[in-house]
Amino acid sequence: MPEHVSVARRILVVEDEPIINQAVSDRLTAEGYDVVRAWDGPGAVSSFEETSPDLVVLDVMLPGYDGLEVCRRIQAVRPVPVLMLTARVDEADILVGLGVGADDYLTKPFRARELVARVNALLRRVERAAELAASPRRTAEIGGLRLDPAARRVWVDEAEVRLTPTEFDLLACLAADPGAVVTRERLLAEVWGWSDASGTRTVDSHVKGLRAKIGSARIRTVHGVGYALEAGE
C-alpha cells in the first residue's frame, strides 16, 4: 500500500462509460484505495448511502439524473469531497458544479496520475481539517470577513456563508497574509498540494466561485501573478 494511504480509504467512482469507469477504478485500487462503483445517478446516491465513501469521483453526464443533482443529494446527506469529471470546458458549467458542492474537477480527457494527485490532495485537506478542528480555536477578522479555522466557518458582515472545503482552504490561504499577493503557483501548492503549474485554471474557477459568495471586491486580481485578499480598513 502506498505511503500516502495510511488506511484503506473508500472512494465511490460514478461513471457511465464502462471503459473510463474501469480504468479509474483500477488505478485507484492500485493506489491502495477501496473502490465502490456506480454507473448512473440513482445508483450513485444509493451506493453513497450504503457504503459511506470518503470521497466521490463523479461524472457530470449520467443517466437517471446528472452529476450535479447527484452532488446536491449526497452533500445533503453528509458533506464529502467530490471530484467531478466533465467533458464540458465552458467555465459557466464548471462554476455550476463548484456551486453545488464539488471541490474540484477534471476535464476529459485526463491523465491517470493527475486524477490520483487530485484525489490525494482532497483527502489530505480532510485530514488537515480534522487536525484544525481538534486544535485551540482562533479566529481571523479582515474587513468584515471573519474566519474560524477550527470550525471551518466563515461570516461576511455577520452573516454566515457556506463554503466548500476547497473554497475555505483557498480563502484561509489568502487570509493568512491580508493584502499580500499570493501567486497561482503557491495557491496550487498550498491548497491543492500540486507541485506544478498545470492547474492554474482550476485556481481561477475556484476564485470566481469564492467571489460569488463573499463579494467580488474582497479578492483583488493581479493579472499574470495571482490574487490578494483585500485587508480592509
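In what follows, every heavy atom counts, from backbone to side chain, and hydrogens, waters and symmetry copies are set aside. Remember, it's a predicted structure, so these values are computed and weren't measured experimentally.
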- Task: Could you check Val57 against Leu106 for side-chain contact (heavy atoms from CB on, under 4.5 Å), going step by step and ending with a plain yes or no?
- Result: CA-CA 10 Å; Val57 176; Leu106 270 176; over 6 Å; no

- Task: Would you name the heavy atoms of Arg162 and Glu167 that are closest together and state the gap between them?
- Result: O-OE1, 4.4 Å

- Message: For Lys208 and Asp204: C-alpha separation, side-chain torsions, deciding distance, then whether side-chain contact (heavy atoms from CB on, under 4.5 Å) applies.
- Response: CA-CA 6 Å; Lys208 287 191 176 182; Asp204 296 340; 5.7 Å; no

- Run the salt bridge (Lys or Arg N to Asp or Glu O under 4.0 Å) check on Glu15 and Lys108 step by step: do they pass? CA-CA 12 Å; Glu15 168 62 66; Lys108 299 178 180 178; 3.0 Å; yes

- Query: Is NZ or CZ of Arg211 both nearer than 6.0 Å to the six-membered ring centre of Tyr227 and within 45° of the ring axis?
  - Reply: no

- Item | Cluster overlap Leu58 with Trp39, hydrophobic side-chain contacts below 4.5 Å | no

- Message: A quick test of your reading: do over 12 heavy atoms of other residues, nucleotides or ligands sit less than 6.0 Å from CZ of Arg78?
- Response: yes

- Give the intermediate values and the outcome of side-chain contact (heavy atoms from CB on, under 4.5 Å) for residues Arg9 and Val119. CA-CA 11 Å; Arg9 296 292 190 91; Val119 165; over 6 Å; no

- Write down the atom of Leu28, the atom of Ile11, and the distance for their closest heavy-atom approach. CD1-CG2, 4.0 Å

- Mind checking whether Met61 and Val45 sit in one hydrophobic cluster, side chains of I, L, V, M, F, W, Y counted as touching below 4.5 Å? yes

- Message: The criterion is salt bridge (Lys or Arg N to Asp or Glu O under 4.0 Å); which residues satisfy it with Asp169, sequence neighbours excluded?
- Response: Arg125, Arg152

- Check Val80 against Pro53 and note the closest heavy-atom contact, atom names and distance. CG2-O, 3.7 Å

- Say whether Val14 and Val77 are linked into one hydrophobic cluster, either directly or through other cluster members, by side-chain heavy-atom distances under 4.5 angstrom. yes

- Message: Tell me whether Tyr65 shares a hydrophobic cluster with Leu62, the cluster being built from Ile, Leu, Val, Met, Phe, Trp, Tyr side chains joined at under 4.5 Å.
- Response: yes

- Query: Nearest heavy-atom pair of Gly179 and Ala228: which atoms, and what distance?
  - Reply: O-CB, 3.9 Å

- Message: Just to verify, what does Asp26 make a salt bridge (Lys or Arg N to Asp or Glu O under 4.0 Å) with, not counting sequence neighbours?
- Response: none

- Query: Is Ile142 reachable from Leu170 through a run of I, L, V, M, F, W or Y residues, each pair having side-chain heavy atoms under 4.5 Å apart?
  - Reply: yes

